[in-house]
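Quick notes on the structure that follows.
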Amino acid sequence: MESANSTASTPETAATSNFIRTIVEEDLKNGKHKTVVTRFPPEPNGYLHIGHAKSICLNFGLARDFGGRCHLRFDDTNPAKEEVEYAEAIKDNVRWLGFDWGEHLHYASDYFEQLYQWAEQLIRQGDAYVEDLSAEEIRAYRGTLTEPGKESPCRSRTSEDNLALFRRMRAGEFADGAKVLRAKIDMASPNLNLRDPVMYRILHAPHPHAGDKWCIYPMYDFAHGQSDSIEGITHSICTLEFADHRPLYKWFLERLGIYQPHQYEFARLNLTYTVMSKRKLLQLVQDGDVSGWDDPRMPTLSGLRKRGYTPESVRNFCEQIGVGKSDSWIDMSILEEAVRNDLNVRAPRAMAVLRPLKVVIDNYPEGLTEEFEAANHPNDPAMGTRKVPFAREVYIERDDFLEEPPKGFFRLSPGREVRLRYAYIVKCESVVKDAAGNIVEVRCSYDPASRGGSAPDGRKIKGTIHWVSARHAVKAEVRLYDRLFTVPNPDKGGQDFKAFINQDSLRIVEDACLEPALAKAASGSSYQFERQGYFHVGSTSADGTPVFNRTATLRDSWGSGGKKE
RNA sequence: UGGGGCGUCGCCAAGCGGUAAGGCACCGGAUUUUGAUUCCGGCAUUCCCAGGUUCAAAUCCUGGCGCCCCAGCCA
């Protein structure tokens with residue numbers, strides 16, 4: 001069987017309009033900008049998740065659609081939390097998603113010297129001062145949401161003194177936390193971000209990218225806007241919680257007299273049945289609730305990838321959910337639907353029995369093996385066919401047999417007929433049970449005239465079920481993944497989100513029975529196990545058999561419309 | 001109760017003064033050797049509420065109500 005994912009794919013969802021796209025269009029049309037330059041600015045302090053994908057698709061998508069460019073810039077201003085491993089994983093994820101930053105891989109830390117010079121400029125202009133107050137004192141002086149803050153005694157220092165002190169900060173003469181550099185703006189501003197925000201703090205720590213050159217590091221607010229300015233960003237796009245920072249973003253650029261990009265904010269993605277904050281994801285990793293940042297249950301790009309999500313499906317998802325400013329909760333089912341849509345057209349079909357129940361066909365010749373031709377994709381003949389061996393004993397799914405079927409059940413049950421896909425129509429003649437009354441085997445007869453599964457006399461066979469020849473079955477491990485949390489919003493109500501972890505989010509089936517063609521499944525490819533779902537081939541286990549990770553179930557309108565196995 | 005942001009179908013979301021796109025969900029019906037897919041068809045006389053302006057408002061004005069974010073030397 002050919003390895004999957006080489007042929008057709010779903011068409012890319014056309015970019016729908018959104019307010020940012022509209023702004024870019026207008027800026028280009030009226031000549032405000034000649035080209036569009038955006039950037040995706042992650043902090044390398046964790047893995048990227050599906051929420052970041054929304055931002056990546058927005059920023060890189062804009063650049064792609066309007067013939068501009070998008071930079072990948074690490075916002076690495078806090079060495080205490082950042083690691084090279086994260087930066088590498090981020091680059092890998094962005095590439096996997098299908099985007100290319102070309103020559104434009106940047107680091108805020110590469111601008112540290114320039115930033116430092118700009119800080120000195122602000123000090124000379126009387127726009128910044130060195131603060132001696134402790135962190136606690138600064139907080140106390142800041143005031144509250146409804147009361148103005150108090151000015152620090154250090155606020156009146158001369159430029160000369162400030163400059164000397166700041167240089168001594170850089171020279172490493174002070175301990176961590178002993179001093180900070182602050183912007184001199186307005187301690188009574190209703191916007192707390194303007195109450196003399198901290199620009200630099202002392203941190204005697206090596207930096208993952210800049211090495212040990214620095215012991216003072218700029219804050220986000222003093223680095224981000226200037227980085228945008230240096231890179232000639234035209235549209236600086238960030239999430240809503242930074243809207244309050246926009247006046248500060250502008251203030252620094254104005255005082256510095258440098259090119260001023262404009263900042264636009266959009267609503268971050270919230271997805272049901274998962275958590276999206278890096279802090280919480282890190283906690284799951286550290287507490288061992290998942291196997292790592294790339295656990296297939298994680299909403300991280302690495303996790304989704306391991307789960308079997310395709311870049312196309314993630315991009316389509318991001319396009320579908322749109323970009324707005326209202327707090328939105330996207331249902332997990334929309335993400336799941338996005339992979340199904342993509343995998344439906346590209347994944348070859350195969351048969352696999354997860355919970356085997358033996359069926360013996362009494363009137364079928366004992367030693368005989370027949371081979372049936374099965375389509376690799378029922379709607380795409382170009383994907384070819386494969387041979388599936390059939391013999392007297394086959395396994396079917398336990399769920400496909402019910403001794404006392406409810407109304408509307410049209411699989412196998414005593415006295416009833418069902419079609420074994422591509423093989424024969426069989427009829428259940430009897431049931432064999434063990435001493436405890438458990439069904440251990442089903443006895444059937446087959447209709448030799450139904451070779452291939454057709455009903456020559458035109459009789460209607462409602463049910464068609466999948467099967468695997470017992471003698472030819474290949475054993476494999478199958479991992480059934482489900483949602484990580486049991487409630488739509490694990491963060492709600494201030495309770496510990498971990499109380500809502502789904503204890504059943506991973507079930508490992510050790511002895512699934514696969515049709516023989518699956519033994520050669522290539523790692524990284526995806527298949528649809530007919531009637532069950534999409535499965536992604538993970539790393540091969542020690543004994544050479546593949547491990548299959550369930551990406552998503554198939555939709556199932558039988559029963560409560562819920563999920564099956 | 002200071003500042004910022006948001007309220008259009010169950011969930012997202014277009015719309016920007018001319019009489020409510022689209023997706024997902026849902027409900028019918030057709031095809032089907034996957035209860036899958038595909039395919040047709042249905043699904044907001046109404047845009048948080050109340051007033052007002054206008055020939056005409058989801059779109060403009062006024063006043064309410066509700067939700068989210070901000071008091072890190074995090075980003």
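Every chain is numbered from 1 and lettered A, B, ... according to where its sequence line falls, protein lines coming before strand lines.
- Between the P atoms of B:A20 and B:A44, the separation comes to 11 Å (whole Å).
- Separation of the C1' atoms belonging to B:U62 and B:U54 is 16 Å when rounded to the nearest angstrom.
- Comparing A:Leu420 and A:Ser134 along RNA chain B, the residue whose closest nucleotide (by nearest heavy atom) sits nearer the 5' end is A:Leu420.
- Atom name P, nucleotides B:G66 and B:A75: the rounded distance is 35 Å, in whole Å.
- Taking the C1' atom of each, B:U19 and B:G42 are spaced 23 Å apart, rounded to whole Å.
- Among the atoms of the strands shown, base atoms are found under 4.0 Å from some heavy atom of A:Val180.
- If you check every strand for non-hydrogen atoms under 4.0 Å, A:Arg419 touches a base.
- We find that the ring of A:Trp558 and the base of B:G35 stack, their centres lying under 5.5 angstrom apart and their planes tilted less than 30°.
- Across all strands shown, the partner of B:C6 is B:G66, judged by Watson-Crick or G-U wobble contacts whose two distances both fall under 3.5 Å.
- Ionic pairing of A:Glu231 and A:Arg73 is present here: one or more N-O contacts between side-chain nitrogen and carboxylate oxygen are shorter than 4.0 angstrom.
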Practice prompt. Take A:Glu417 and A:Arg459 through the salt bridge (charged side-chain N to carboxylate O under 4.0 Å, His left out) test and state the conclusion after the steps.
Written response: CA-CA 11 Å; A:Glu417 282 191 318; A:Arg459 94 191 99 122; 2.5 Å; yes
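- Shown here are the side chain to side chain donor-acceptor pair (under 3.5 Å) partners of A:Thr239, two or more places apart in sequence or in another chain: A:Glu241.
- Pairing of B:U1, defined by two Watson-Crick or G-U wobble distances under 3.5 Å, is not identified with any nucleotide.
- Among the atoms of the strands shown, none is found under 4.0 Å from any heavy atom of A:Thr272.
- Under the 30°/60° scheme for interplanar angles, the aromatic rings of A:Trp214 and A:Tyr116 are found to be tilted.
- Considering only side-chain N and O atoms, A:Thr77 lies under 4.0 angstrom from the phosphate OP1 or OP2 of B:A75.
- Across all strands, A:Pro378 comes closer than 4.0 Å to base atoms (heavy-atom distances).
- Residue A:Gly149 is out of contact with every strand shown, counting any heavy-atom pair closer than 4.0 Å.
- Picking from B:A75, B:C11, B:A13 the nucleotide with the shortest atom distance to the side chain of A:Tyr220 gives B:A75.
- Close placement of the A:Phe222 and A:Tyr200 rings is indicated, their centers lying within 6.0 Å of each other.
- Between B:G51 and B:A57, the two C1' atoms lie 14 Å apart (nearest whole Å).
- Residue contacts for A:Ile330: at a heavy-atom cut-off of 4.0 Å it reaches the sugar-phosphate backbone alone, with no base atom in range.
- Of all nucleotides present, only B:G29 satisfies the Watson-Crick or G-U wobble test against B:C39, with each distance under 3.5 Å.
- In this structure, the nucleotide among B:U38, B:G23, B:A14 sitting nearest to the side chain of A:Asn341 is B:U38.
- When heavy atoms are screened at a 4.0 angstrom cut-off, A:Tyr217 is found touching no nucleic acid atom at all.
- Base pairing of B:C55 is made with B:G18, judged by Watson-Crick or G-U wobble geometry with both donor-acceptor distances under 3.5 Å.
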Worksheet item: So A:Arg386 and A:Glu373, salt bridge (charged side-chain N to carboxylate O under 4.0 Å, His left out) or not? Walk me through it.
Response: CA-CA 6 Å; A:Arg386 68 188 186 283; A:Glu373 190 94 352; over 6 Å; no
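- Within residues 182-194 of chain A, the residues that have a heavy atom under 4.0 Å from RNA chain B are, in order of number, A:Pro190, A:Leu192.
- At a cut-off of 3.5 angstrom, counting only N and O atoms as typed in the model, there is no donor on one side facing an acceptor on the other between the side-chain of A:Arg246 and the base of B:G4.
- Qualifying side chain to side chain donor-acceptor pair (under 3.5 Å) partners for A:Gln226, counting only residues two or more places apart in sequence or in other chains: none.
- For the OP1/OP2 pair of B:A36 and a distance below 4.0 Å, the side-chain nitrogens and oxygens of A:Ser557 include at least one atom meeting the criterion.
- When heavy atoms are screened at a 4.0 angstrom cut-off, A:His245 is found touching base atoms of the nucleic acid.
- Within the 4.0 angstrom heavy-atom criterion, base atoms lie near A:Ala135.
- Evaluation of atom-type donor-acceptor distances gives a pair under 3.5 Å for the side chain of A:Gln528 against the base of B:U34.
- Within 4.0 Å (heavy atoms only), A:Arg142 reaches sugar-phosphate atoms of the nucleic acid but no base atom.
- Across all strands, A:Phe410 comes closer than 4.0 Å to base atoms (heavy-atom distances).
- When the P atom is compared between B:G7 and B:A36, the two are found 37 Å apart, to the nearest whole Å.
- Using a 4.0 Å cut-off between charged nitrogen and carboxylate oxygen, A:Lys427 and A:Asp447 do not count as a salt-bridge pair.
- Within 4.0 Å of A:Phe266, counting heavy atoms only, lies no atom of the nucleic acid at all.
- Here the separation of B:G64 from B:C74, taken at their P atoms, is 40 Å to the nearest Å.
- For B:G72, there is no paired base (Watson-Crick or G-U wobble, both distances below 3.5 Å).
- With a 6.0 Å cutoff to the six-membered ring centre and a 45° limit on the axis angle, A:Arg483 counts as a cation-pi contact of A:Tyr273.
- Note on A:Asp176: nothing from the nucleic acid sits closer than 4.0 angstrom, heavy atoms only.
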